[in-house]
Structure formats: C-alpha cells, structure tokens
Chemist: 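Structure incoming, see below.
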Amino acid sequence: MRHLITLADLTAIETERIFSITEDLKNKFAKGLREPLLPGRVMALLFEKQSLRTRVSFEAGMTHLGGNTMFLGNEVGFGSRESIADFGRVLGEYVDVVVVRANQHQTVVELAKHCKCSVINGLTNYTHPCQAMADLFTLRELAGPLAGRTLAWVGDANNVVRSLAMGCGRLGMRLMMATPKKYQFDAETLAWLRREVPDLDLHVTTDPVEAVRDALAIYTDVWASMGQEQEREIRLKDFAGYQVNAELLAHAQKGAVFMHCLPARRGEEVTDEVIDGPQSVVVQQAANRMHAQKGILAWLLGAKA
Ligand code: CP
Ligand code: NVA
C-alpha cells in the first residue's frame, strides 16, 4: 500500500510508469472509452481549502474508472472533532483512498501514518504533487522527453514549484527560478531537495529575463497562496517586477509555452494577453489534472502495476 504525499515518494521509473498509464487512459478517453479499472473502490475527499480542479478532476476521474467518491464536508469534523490519528484509523477501514487538501503539510503526513489505505496529497502549504505530475505530463506531451530541457519559474517559491522541483529532479529537467530574494526557497526546502533529488539542476536568480531565456516553458502562480491572504498587499509590491507579460515572453525562445496551475490573478502575476495568448497551455494543464490523477489512482491502487 502506497501513498502520494510528495513526488519524492515516486522513483523516476514509477513516475514514467504513471505517465504511460495516463497516456493510455487519456487516449482511450478521447475515443469514448472509460476503462473501469477500479470497480467498487471508494475514494474519500477531505478539503480544508477551496478547490475546483483538484476536487472535480479526482471525482470525475474516479467515476470514469468505475469507482465511487464521497466528498466529506465540515460535518465529519476533520481536524476538530477527534485527533487526526483516530480519524485516519477509522476512515482507512471504510475507503480505499483518501485525497486530502490541508492547511498544514503535517496534517497529511499524520493522516497517512494512521490510515491503512492510500493517501494522496491534494495540496498543502508545502507541496502540490498532483499538479506537478499533470504539468510534467503536459510538457512531455508537448515536447517529448524532458531530460536536459529547462523549466523557468517566475514568482514565489511556493508549494507548486516545490513539487515541480522534485519532478524536474526525477526526470532530469533543469529548473530556473526567478524569485525575489526574500521569497526564494528556504534552507529547509533546499536541504530537503538536496536529500531527495540530489541530481536536481536548480538555478536561482532575481532576474526574470535571465530565467526565461532558454526555457521550454515559463510557469507562474499567484503571489499570495491560500493562507497568505494577509500578506497580499506587501507581496503585490515585492513581486511587482515579476509579472509574466508580453515583454518578458519576448525574451524567451520561439515556441516556449506559458504555464499556470490556476486559479490566476489576472493583471498581477500574468496579463490577459499572455494567459489567453497562443503560447498559453493552461487549459491543457487543467485537463491533464484528471488524466494524470487517473494514472496515479490506477497505479497506486494496483490496477496497473
Ligand atoms: N490548480 C489547482 O489545484 O486548482 P484548485 O485549487 O481549483 O484545485
Ligand atoms: N499556490 C497556490 C496554488 C493553488 C492551486 C495556493 O496554494 O493557493
């Protein structure tokens, strides 16, 4: 029984295996085929924060696979009515997989420790592995093998880029980050990356132009993530030079794509012109959340080894 808490939980070979299951299921889906690999299996979803993509793509994906889903709302009292350990011990008796979006990363770690079923991290303050799996799958679809290619990140060193860093390290992709000094990866994250993905080719700069120059893709995310709303005003000022706009994209190589995990704050980290422009692949990324998660579910629950 396996969990997916961070992408460090997967080897490069396992990551590639999930991508190939994803590709197969996506091709079948395009032909109207919904292979019922997980009949009778049950997924619970626990969300401490808002979600459109993660919640709906997991529910739709599990339904395509022939399984059932139950979205657990406030009334189950997750995090308030009993300990996370007791909650996990009991929930694991009923369901086969739990998708959890938590304020604190430690909540997911604790739940997984006590659940006898698989736990999937649907985003924490620290990481967002399902997002990174879908993004790397998207890049692979667009550009083929990723080893030796460059992904540029412009903005906050947040949960999404932590997971991308992990995935880049696994797949041999270089990560160029342009982030204001104060918002770069902290020592703990750097130590974690060094330990988990020692081969990661990571470059950090404060200059967005330098970061995007050789990139296959330019990725950004909101400057204030969920839970950082009180820092919004100061962050708007601190990230002022980090908007992905037409001027910045002009410094990228021809054919570079624009990526964003969504939801976006249009006019802040990205302009309408870029996110709605010909280089944007944001809808393909969002669509691939469902396909990649079907791959993750099929692999994790042993329907495809
Ligand atoms: N990208 C993403 O995880 O979106 P949601 O917050 O809507 O799930
Ligand atoms: N960094 C963002 C991602 C949302 C999908 C957040 O945590 O709010």
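Heads up: numbering here begins at 1 and tracks the sequence. One-based numbering, in listed order, for ligands and for the atoms of each. No experiment lies behind these values; they were computed from the predicted model shown.
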Chemist: Looking only at side-chain N and O atoms, does His260 offer a donor or acceptor that is under 3.5 Å from a partner on Glu269?
Modeler: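 On atom types as modelled, these side chains qualify, holding a pair under 3.5 Å.
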Chemist: For the pair Lys294 and Glu35, find out whether any cationic side-chain nitrogen is under 4.0 Å from an anionic carboxylate oxygen.
Modeler: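 Salt bridge: no.
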Chemist: Could you walk me through whether Asn125 and Gln228 pass the side chain to side chain donor-acceptor pair (under 3.5 Å) check?
Modeler: CA-CA 10 Å; Asn125 59 324; Gln228 296 173 329; over 6 Å; no
Chemist: For ligand 2, is any non-hydrogen atom under 4.0 Å from Leu262's backbone (N, CA, C, O), its side chain (CB onward), both, or neither?
Modeler: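 Under 4.0 Å from ligand 2, Leu262 contributes backbone atoms alone.
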Chemist: Please say which of Val257, Thr271, Val212, Ile218 ends up in a side-chain contact (heavy atoms from CB on, under 4.5 Å) with Leu249.
Modeler: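 Exactly one option meets the side-chain contact (heavy atoms from CB on, under 4.5 Å) with Leu249, and it is Ile218.
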Chemist: Give yes or no for whether the N/O distance cutoff of 3.5 Å, strictly under, is met between Asn159 and ligand 2.
Modeler: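 For ligand 2, there is an N or O atom that lies under 3.5 Å from one belonging to Asn159.
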Chemist: Under 4.0 Å from a heavy atom of Leu52: which atoms of ligand 1 are those, numbered in the order shown and with their elements?
Modeler: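 Matching atoms, with element in brackets: 5 (P), 7 (O), 8 (O).
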Chemist: Given salt bridge (Lys or Arg N to Asp or Glu O under 4.0 Å), test Asp238 with Arg235 step by step and report yes or no.
Modeler: CA-CA 5 Å; Asp238 290 344; Arg235 281 171 172 264; over 6 Å; no
Chemist: Is a side-chain donor-acceptor pair under 3.5 Å present for Arg162 with Thr189?
Modeler: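 Arg162 and Thr189 do have a side-chain donor-acceptor pair below 3.5 Å.
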Chemist: We want to know whether Asp214 and Thr150 form a side-chain donor-acceptor pair, criterion being a heavy-atom distance below 3.5 angstrom.
Modeler: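 Note: Asp214 and Thr150 side chains miss the donor-acceptor criterion.
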Chemist: Using a 4.0 Å cut-off to any heavy atom of Arg289, which atoms of ligand 1 qualify?
Modeler: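 In order of numbering, the contacting atoms are 1 (N), 2 (C), 3 (O).
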Chemist: Looking only at distance, does Val222 have an N or O less than 3.5 Å from an N or O of ligand 2?
Modeler: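 Such a contact does not occur with ligand 2.
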Chemist: Please state which part of Arg101 comes within less than 4.0 Å of ligand 1, counting heavy atoms only: side chain, backbone, both or neither.
Modeler: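 Side chain only; the backbone of Arg101 stays clear of ligand 1.
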Chemist: Assign the ring pair Phe47 / Phe71 to parallel, tilted or perpendicular, where the plane angle (0 to 90°) is split at 30° and 60°.
Modeler: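 Geometry flag for Phe71 against Phe47: tilted rings.
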Chemist: Identify the protein heavy atom lying closest to atom 3 (C) of ligand 2, giving its residue, its atom name and the separation to 0.1 Å.
Modeler: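 Atom 3 (C) of ligand 2 sits closest to the protein heavy atom Asp221 OD2, 3.6 Å.
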Chemist: If you measure every N/O of Ser225 against every N/O of ligand 2, is any gap under 3.5 Å?
Modeler: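 Among all N and O atoms of Ser225, at least one is under 3.5 Å from an N or O of ligand 2.
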Chemist: Would you kindly specify which portion of Leu123 sits under 4.0 Å from ligand 1, judged on non-hydrogen atoms: side chain, backbone, both or neither?
Modeler: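 For Leu123, no heavy atom sits under 4.0 Å from ligand 1.
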Chemist: Distance to 0.1 Å, residue and atom name: give those for the protein heavy atom nearest to atom 8 (O) of ligand 2.
Modeler: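 Going atom by atom, the protein heavy atom closest to atom 8 (O) of ligand 2 ends up being Met226 N, 2.8 Å.
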Chemist: Identify the closest protein heavy atom to atom 4 (O) of ligand 1: which residue and atom is it, and at what distance?
Modeler: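 Nearest neighbour among protein heavy atoms for atom 4 (O) of ligand 1, to 0.1 Å: Arg53 NE, 2.8 Å.
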Chemist: Would you mind running through ligand 1 and noting each atom that sits below 4.0 Å from a heavy atom of His128?
Modeler: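 Selected atoms, number and element: 2 (C), 3 (O).
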Chemist: Consider every N or O of Cys261 and every N or O of ligand 1, then say whether any pair is closer than 3.5 Å.
Modeler: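 Yes.
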Chemist: For atom 4 (C) of ligand 2, which protein heavy atom lies nearest, and how many Å away is it?
Modeler: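 Sorting protein heavy atoms by distance from atom 4 (C) of ligand 2 puts Leu123 CD1, 3.8 Å first.
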Chemist: Verify the cluster assignment for Ile18 and Leu142: are they in a single hydrophobic cluster under the rule of side-chain heavy atoms below 4.5 Å apart?
Modeler: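 Yes: a chain of side-chain contacts under 4.5 Å links Ile18 to Leu142.
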